[in-house]
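Bear in mind the structure is a predicted one, so any value in this text is a computation, not a measurement. Both backbone and side-chain heavy atoms feed into the values below; hydrogens, waters and symmetry mates do not.
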Amino acid sequence: MQDTLTPPSEAAVTSPARPARRFSASLVAWPVLGIVVTVAVWWAAVEIFDIQPIILPSPLDVAESFGTYPDLLLSTTWDTVRVTLIGFALSIVIGVALGTAIAAWKPFERAFGPLLVALNAVPKVALAPLMIAWFGFGTTPVLAMAFLLCFFPIVLSTATGLTSTPADLVELTRSLDATRVQTFLRVRVPAALPQIFVGLKLAMPLAVIGVAVGEMQSGSVDEGLGTIIVQTAGQGDTATAFAALTLMAIVSIILYYAIVAIERVALPWVRGTTA
């Protein structure tokens with residue numbers, strides 16, 4: 001007597017739903033713990049070795065500087081953020097365009113690839129006086145410095161991503177008689193986006209550094225955290241200089257994790273297909 005085969009129930013066939021990622025308190029607790037430990041070690045070093053405030057201020061001195069110049073520090077922070085975002089946006093536009101050209105046309109890569117590497121190898125601080133001579137005083141040389149520091153990772157990540165498309169996907173588009181434009185837009189670009197976001201996350205802190213260096217070198221710029229650092233350090237007010245440095249670090253962290261958040265929203269399939 002043969003056993004009758006019954007089809008499995010719908011509940012058995014359906015794969016178990018992936019549990020939703022819950023907010024974990026450790027996501028906040030560990031960074032806060034790291035900050036607390038760093039501040040405690042800093043404070044202990046100042047007290048134990050009796051370091052003078054002009055050399056290394058204590059965290060309390062830095063906090064007092066925040067209370068003394070709140071309007072100045074907040075306004076200059078916004079000026080630095082504004083210039084950083086403009087320079088970063090220019091880097092994205094030009095960097096993605098150059099990376100696409102390098103990936104799409106081999107003669108372009110052979111002709112201009114070494115020049116891009118050479119430009120990236122030049123110390124950007126050495127170019128700061130030349131930028132002032134070329135662009136004059138003001139915001140333009142600061143934007144140029146930010147652009148030069150952060151555009152190369154975007155170029156490299158874009159070119160790498162567009163040339164690293166899985167071969168089976170390309171063969172699939174050919175079997176479907178897709179045009180080169182369709183293959184580029186529907187296969188190569190989505191496959192390259194994770195790599196492009198890696199370049200964006202590398203470039204964002206570099207943009208903040210470029211703006212700070214540009215503000216420090218361009219003496220006529222009266223706005224920005226870099227200018228505050230130069231002016232206060234020259235006057236022996238190291239605590240306010242450290243306050244500006246702290247704000248610059250906070251700006252870098254916020255902008256970096258903003259890129260991370262955009263990546264998670266724009267590329268939901270990456271987290272679903274990777275371990």
Checklist entry - For the residue pair Leu206 and Cys150, what are the closest heavy atoms and their distance? => result CB-CB, 4.0 Å

Checklist entry - Which word best sums up how the rings of Phe112 and Phe108 line up, parallel for under 30°, tilted for 30 to 60°, or perpendicular for over 60°? => result tilted

Next on the checklist: Using side-chain heavy atoms (C-beta onward) and a distance below 4.5 Å, is Ile259 in contact with Phe88?
Outcome noted: yes

Checklist entry - In Å and rounded to the nearest 0.5 Å, what is the CG to CZ distance from Leu202 to Phe152? => result 12.0 Å

Checklist outcome for this item: Taken to the nearest 0.5 Å, the spacing of Ser91 OG from Met204 CE works out to 9.5 Å

Item to check | OG1 on Thr240 to CG on Leu245, rounded to 0.5 Å | outcome: 11.0 Å

Checklist entry - How about Glu263 and Leu200: do any of their side-chain heavy atoms sit closer than 4.5 Å? => result no

Item to check | hydrophobic_cluster_shared for Leu85 and Ile92, side chain cutoff 4.5 Å | outcome: yes

Checklist entry - Does the Thr80 side chain pair with the main chain of Leu225, one donor and one acceptor, at a distance under 3.5 Å? => result yes

Checklist entry - Any chain of hydrophobic side-chain contacts (each under 4.5 Å) joining Ile253 to Val211? => result no

Item to check | Side-chain heavy-atom pair Tyr257, Val260 within 4.5 angstrom cut-off | outcome: yes

Next on the checklist: Measuring only between side-chain heavy atoms, which start at C-beta, is Leu56 closer than 4.5 Å to Phe242?
Outcome noted: yes

Checklist entry - Has Arg186 got more than 12 heavy atoms of other residues, nucleotides or ligands less than 6.0 Å from its CZ? => result no

Item to check | Same cluster (ILVMFWY, side-chain, under 4.5 Å), Val39 and Leu33 | outcome: no

Next on the checklist: Counting neighbours of CZ on Phe66 that are heavy atoms of other residues, nucleotides or ligands and sit closer than 6.0 Å, is the number greater than 12?
Outcome noted: yes

Item to check | Exercise: identify the closest heavy-atom pair between Ile228 and Ala244 | outcome: CG2-CB, 4.1 Å

Item to check | Main-chain N/O of Thr100 paired to Trp105 side chain as donor or acceptor, under 3.5 Å | outcome: no

Checklist entry - When rounded to the nearest 0.5 angstrom, what is the spacing between OG in Ser252 and CG in Leu247? => result 11.0 Å

Checklist outcome for this item: Note: Ala159 and Ile102 closest approach over all heavy atoms is CB-CG2, 4.0 Å

Item to check | Min side-chain heavy-atom separation Val83-Leu143 under 4.5 Å | outcome: yes

Item to check | Interatomic spacing from OG1 in Thr163 to CD in Gln195 - rounded to 0.5 Å | outcome: 8.5 Å

Checklist entry - Would Ile48 end up clustered with Ile55 when hydrophobic side chains under 4.5 Å apart are linked, directly or stepwise? => result yes

Next on the checklist: Tyr69 vs Thr232, test: side chain to side chain contact (heavy atoms under 4.5 Å, CB included). Steps then yes/no.
Outcome noted: CA-CA 12 Å; Tyr69 308 106; Thr232 55; over 6 Å; no

Checklist entry - Is it true that atom CG of Leu185 has more than 12 heavy atoms of other residues, nucleotides or ligands lying nearer than 6.0 Å? => result yes

Item to check | Test item: Val251 and Thr84 side chains (from C-beta on) under 4.5 Å apart, heavy atoms | outcome: no

Item to check | Derivation of the side chain to side chain donor-acceptor pair (under 3.5 Å) call for Asp79 and Thr76 | outcome: CA-CA 5 Å; Asp79 294 327; Thr76 52; over 6 Å; no

Item to check | CG-CD1 distance between Leu162 and Ile196, expressed to the nearest 0.5 angstrom | outcome: 5.5 Å

Only pairs under 3.5 Å count here: list side-chain donor-acceptor contacts from residues 114-137, not counting sequence neighbours, and write none if there are none.
{"unit_1": "Lys124", "atom_1": "NZ", "unit_2": "Leu119", "atom_2": "O", "d": "3.4"}
{"unit_1": "Lys124", "atom_1": "NZ", "unit_2": "Asn120", "atom_2": "O", "d": "2.9"}
{"unit_1": "Lys124", "atom_1": "NZ", "unit_2": "Val122", "atom_2": "O", "d": "3.0"}

Checklist entry - Which heavy-atom pair separates Ser65 from Leu73 by the least distance, and what is that distance? => result O-CD1, 4.0 Å

Item to check | Heavy-atom side-chain contact between Met145 and Val142 under 4.5 Å | outcome: no

Item to check | Minimum-distance pair of heavy atoms, taken over all atoms of Gly199 and Ser157 | outcome: CA-OG, 3.4 Å

Next on the checklist: Is there a continuous path of hydrophobic side-chain contacts, each under 4.5 Å between heavy atoms, that joins Val198 to Val189?
Outcome noted: no

Checklist entry - What pair of heavy atoms forms the shortest contact from Pro57 to Val46, and how long is it? => result O-CG2, 4.1 Å

